[in-house]
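What follows is a set of notes on a single structure, which appears directly below.
Side-chain atoms are counted along with the backbone in the values below, which use heavy atoms only and exclude waters and symmetry mates. Proteins get letters first, then strands, A, B, ... in listed order; numbering begins at 1 in each.
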Amino acid sequence: MADDIRVRIAPSPTGPLHIGTARTALFNFLFARHAGGTFVLRLEDTDVARSTEAYEKDILDGLHWLGISWDEGPGVAGRSEAGPYAPYRQMARLPDYAAAAATLLAEDRAYPCYCSPDELEADRREQEANKLPPRYVGRCATLTPEERAAREADGRPAAVRFRVRPGVVAWDDLVRDRVEIDTFNLGGDFVIVRADGTPLYHFTVVVDDMAMGISHVIRGEDHVSNTPKHILLFDALGYPLPAFAHLPLILNPDGTKMSKRKSQTAVADYIAQGFIREALVNYFAFLGWSPGTEEDVLSLDEIIARFDLGKVQKGGARFDRERLEWLNGQWIRRLDDDDLVDRLLPFLEAARIAGQVDHVPSPDELRSLLPIVRERIPTLAAIVDMAGFLWRDDLGLDPAVLVPKRWGTATTRDGLAAARALLAAHDGVTWEAEELEPPLRSLVEDRGWKAGDLFMAIRVATTGQTATPPLFDTLVALGRERTLARLDAAIARLPAA
RNA sequence: GCCCCCAUCGUCUAGAGGCCUAGGACGCCACCCUUUCAAGGUGGAGAUCAGGGGUUCGAAUCCCCUUGGGGGUACCA
């Protein structure tokens, strides 16, 4: 049974990997892996004008990065083509579409259409003026052989139109149950091959799904109204229908279909901001699906084990970045040390190139910091805000923030100087958090200060910021020399009394 | 305009006639912890299940209507 289950994701390389594509790919992948079926990746690159190799790479790399692997797919970016139904890119399958079109033409299930763009545009305008839904008027549907020959002789280019038969098309959608659509509302006979000979999406998708033995078509809800066209084509081509499942759409926060204008849609942007694959996959899976339990942090394998198309929601789901960030934090806390260090390093390198830090720590140094930074970074990129002061030569201290709210300049100078003296008494061996804290606590008590005030002054003096990991751990990470030097520099910046 | 689809806290959702005075999570608020920021813990506010009709002994769950929202209406995919 499972051998018969074949699903696919068919991205079009006309833009970077979109969140919606990634989510659809994920659901196909989850369905295939759960059932032990086969997941196919096919590139729909017939929109030659907009397709690029760079987008192909971005899409495949992005899916790969997410952990969504395919069993059959095209050769792109170093990967080699694999699978018994190659090629897996439509521009390489042109002969198949030509053959299928020829068959439909021969059986009069389709016909050549000589209407010019201007004629079609005029038809449309007239329909609009009469408040009628746009549909092909059928000018070329009943041409006699002589009339066709005359047009050919005139050198008029012909597109190929598929004859839409009257009646109702229905299917049992795996997520929305029974759907019925009257073919009258399809807009008339539709074009399957352009006048320049290149095939159109509705046609190629059916020919390919047929050729590749696709058993379940799992795609976005925006395709529901296209499905009747595909069913008609499957019928005309004499192929048994695959099962259809239409997933709810991912919506902008305002409830409209997700768009670049209102949301961040490129997966690459989320990666660049330090979201990790575990969180993204977990989040996407729960947009429109839930295991029906109260679990909410699940790994890819756990999701595969629980996945069920029947539990997919029918209504669209709004994208909630706050929830994604929470999940990202959850997963960052679950990563093991070496793994987290490996993922953090590229962000520090990027920060160095961007001039946010002056140097990048060694893996060992970074690993030693993990206990104090890990629960403070919601994204990998946040490491720069949280601990960037450790790798910055000049803090660019603002004397104004150096002085605690309850303190004046004089007290701050006094406090920092006293703290500096106490800290200087430590050597490299006693430079440990447990050793540094007691003397400063005593100092606070002797002077009748609040610990928070002194600690905040030291914090700002040594890090340049008011939110940092625990102070004494921070001073240890900074090291004795730099701590003392920064305190000196800070004291020097405070105007003398 | 026309066609199709959808409808539970602000958001993601549990719920498949009695277990629901509707559960969880994010976010929010308070408290605890605490040197800051987080993380964590505890508690709280938050949904008359869009509204109205039915069906039923009984409806968030089934049916109908209304309203609201979304998607589609290409020689794009």
Problem set entry | Distance in angstrom units between A:Asp296 CG and B:rA25 C1', rounded | 5 Å
For this session: Using the six-membered ring wherever Trp is involved, compare the ring planes of A:Phe286 and A:Trp289 and label them parallel, tilted or perpendicular (cut-offs 30° and 60°).
Result: perpendicular
Problem set entry | Check: A:Arg323 side chain, B:rA25 base, donor-acceptor under 3.5 Å | yes
Exercise. If you take all heavy atoms of A:Glu152 and A:Tyr114, which pair is closest and at what distance?
Worked result: OE2-OH, 2.6 Å
Problem set entry | Separation of the P atoms in B:rG69 and B:rG40, to the nearest angstrom | 38 Å
Exercise. Hey, which of these two, A:Arg178 or A:Lys229, hits RNA chain B nearer its 5' end, going by closest nucleotide?
Worked result: A:Arg178
Exercise. Less than 4.0 Å between a side-chain N and a carboxylate O, is that true for A:Arg321 and A:Glu325?
Worked result: yes
For this session: For B:rA77, take OP1 and OP2 only and decide whether either is under 4.0 Å from a side-chain N or O of A:Arg194.
Result: yes
For this session: Select base, sugar-phosphate, or nothing to describe what A:His223 touches, counting heavy atoms under 4.0 Å on all strands.
Result: base
For this session: Report the residue (A:Arg50 or A:Ser225) whose heavy-atom-nearest nucleotide on RNA chain B is the more 5′ of the two.
Result: A:Ser225
Problem set entry | Candidate nucleotides B:rG71, B:rC37, B:rU35, ranked by approach to the side chain of A:Arg459 - the nearest | B:rU35
Exercise. Would you say B:rA14 has OP1 or OP2 under 4.0 Å from some side-chain N or O of A:Gln313?
Worked result: yes
Seminar exercise, completed: Taking a pair to mean Watson-Crick or G-U wobble geometry with both distances below 3.5 Å, B:rC26 pairs with B:rG10
Problem set entry | N or O in side chain of A:Ser290 less than 4.0 angstrom from B:rA14 OP1/OP2 | yes
For this session: Please answer whether the main-chain N or O of A:Asp254 pairs with a side-chain N or O of A:Asn252 as donor and acceptor at a distance below 3.5 Å.
Result: no
Seminar exercise, completed: By the Watson-Crick or G-U definition, both distances under 3.5 Å, B:rU61 is matched with none
For this session: For A:Leu471, answer base if it contacts any base atom (sugar-phosphate contacts may also be present), sugar-phosphate if it contacts only those atoms, and nothing otherwise; contact means non-hydrogen atoms under 4.0 Å.
Result: base
For this session: To the nearest Å, give me how far apart CD (A:Glu119) and C1' (B:rC75) are.
Result: 13 Å
Seminar exercise, completed: Across every strand shown, the nucleotide meeting Watson-Crick or G-U wobble geometry with B:rC31 (both distances under 3.5 Å) is B:rG41
For this session: Confirm from the modelled atom types if A:Arg376 and B:rC37 form a donor-acceptor pair under 3.5 Å, side chain to base only.
Result: yes
Exercise. Under 4.0 Å between a side-chain N or O of A:Thr46 and OP1 or OP2 of B:rA77?
Worked result: yes
Exercise. Is the NZ or CZ atom of A:Arg23 positioned over A:Phe27's six-membered ring, under 6.0 angstrom from the centre and within 45° of the axis?
Worked result: yes
Problem set entry | Watson-Crick/G-U partner (both atom distances under 3.5 Å) of B:rU55 | none
Problem set entry | Side-chain N,O (A:Arg441) to OP1/OP2 (B:rU35) below 4.0 Å | yes
For this session: For A:Thr256, answer base if it contacts any base atom (sugar-phosphate contacts may also be present), sugar-phosphate if it contacts only those atoms, and nothing otherwise; contact means non-hydrogen atoms under 4.0 Å.
Result: sugar-phosphate
Seminar exercise, completed: B:rC2 -> Watson-Crick or G-U wobble partner, both distances under 3.5 Å, gives B:rG72
For this session: Confirm from the modelled atom types if A:Arg318 and B:rU11 form a donor-acceptor pair under 3.5 Å, side chain to base only.
Result: no
For this session: Measure up the A:Trp449 and A:Trp407 rings against each other and bin them: parallel (under 30°), tilted (30 to 60°), perpendicular (over 60°).
Result: tilted
